[in-house]
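To start, the structure itself, in structure tokens.
Side chains are part of it too, since the values below use all heavy atoms of this structure and drop only hydrogens, waters and symmetry mates.
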Amino acid sequence: MPIKLQSILGLSFLLLGGCSQLHHVHIGDIDQSQGRLTPFTIEVNELGFDAAKAAEIGAGVAKSASTSEDLEFVALILAISNFGPKTGNPVYNDAYADQVLFEVIKVCPSKKITGLTSVREATNVGPVSGEVVRIKGYCIN
Amino acid sequence: MKKLFSLLMVVMLSACTSSIHMSQVDVGTNSQQELASGKVINIEKSQKIFLGFVYDSNYVDQAYKQLLQQCPNGTSMINVEYLTNHGFLSWTDKIRIKALCKPA
């Protein structure tokens, strides 16, 4: 019973503890003198998953010592196989933000754009996250 | 069988992860003609790093030089993306530039 309670509490914290994290923001020139401004937002996102962290969590909640050791070993292998600097959780597709420039060009029929703000952020739920690139701006009408 | 499955899972999960650190879009002059008719160019430069030994970031300078060469009249819009492809005890840093060149 205590283990079940612990598991439920752990899962609740994992799900309720989801939080947003800002990694980078850039604000460009704003020109309000050319006409009426209409705001737009373009957002692309990808599933982020930290497999090593998931294996570590698994090792922490494993019932037997041998399973826990195996999972710790798996976490070590995953960590050294995915070596390098990370912003948020790793993703399995490095091209998810490749089309933002074309999306921004397409979004304004007038083709006049100003006040672009680029945001790199993430929404984390334990070892899983939504890795987001968001571009906000204004079309000049 | 269970261990083989676990090993396969580890191999699959350790393959080709990446991290996009920054992706920013900037617009220059608000010329309707430039955004409608400009030529889009793609530049990608990278640097392989083993065990964290990094001595320079020349690949960024190379990307910038190439941008100046390919857009001699300047750019009207630019997207810069900085990312890392992870690997076994090594990684590859990349800079990707997409730009809309100003017409001659």
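When heavy atoms are compared at a cutoff of 4.5 Å, B:N42 does not approach chain A at all. With a 4.5 Å cut-off on non-hydrogen atoms, A:I80 touches chain B through its backbone and its side chain both. Both the backbone and the side chain of B:Q24 come within contact range of chain A, with heavy atoms under 4.5 Å apart. Of the two parts of B:I78, only the backbone, made up of N, CA, C and O, holds a non-hydrogen atom closer than 4.5 Å to a non-hydrogen atom of chain A. For A:V133, the part lying under 4.5 angstrom from a heavy atom of chain B is the side chain only.
Contact check for A:F102 versus B:N79: no side-chain heavy atoms found under the 4.5 Å cut-off. Side chains of A:F40 and A:T38 form no contact here, defined as non-hydrogen atoms less than 4.5 Å apart. Residues B:M77 and A:I113 form a side-chain contact, since some pair of their non-hydrogen atoms from C-beta on lies under 4.5 Å apart. The shortest distance between side-chain heavy atoms of A:N89 and A:F49 does not fall below 4.5 Å.
The choice from B:S19, B:A99, B:S18 that makes the most heavy-atom pairs within less than 4.5 Å of chain A is B:S18. Highest contact tally toward chain B, considering only A:A79, A:A97, A:G28, is held by A:A97 [criterion: heavy-atom pairs under 4.5 Å]. Of the listed residues (B:I20, B:L83, B:T84), the greatest number of heavy-atom pairs within a distance under 4.5 Å of chain A belongs to B:I20. Most heavy-atom pairs under 4.5 Å with chain B, from the set A:D94, A:T117, A:L116: that is A:D94. Of the listed residues (A:G84, A:P85, A:A55, A:A52), the greatest number of heavy-atom pairs within a distance under 4.5 Å of chain B belongs to A:P85.
By the neighbour-count criterion of 12 heavy atoms within 6.0 Å, atom CG of A:D29 is sparsely surrounded, having that number or fewer from other residues, nucleotides or ligands. Around atom OH of B:Y82, more than 12 heavy atoms belonging to other residues, nucleotides or ligands sit under 6.0 Å away.
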Criterion side chain to side chain contact (heavy atoms under 4.5 Å, CB included) on A:T87 and B:M22, from CA distance to verdict: CA-CA 9 Å; A:T87 299; B:M22 182 200 87; over 6 Å; no

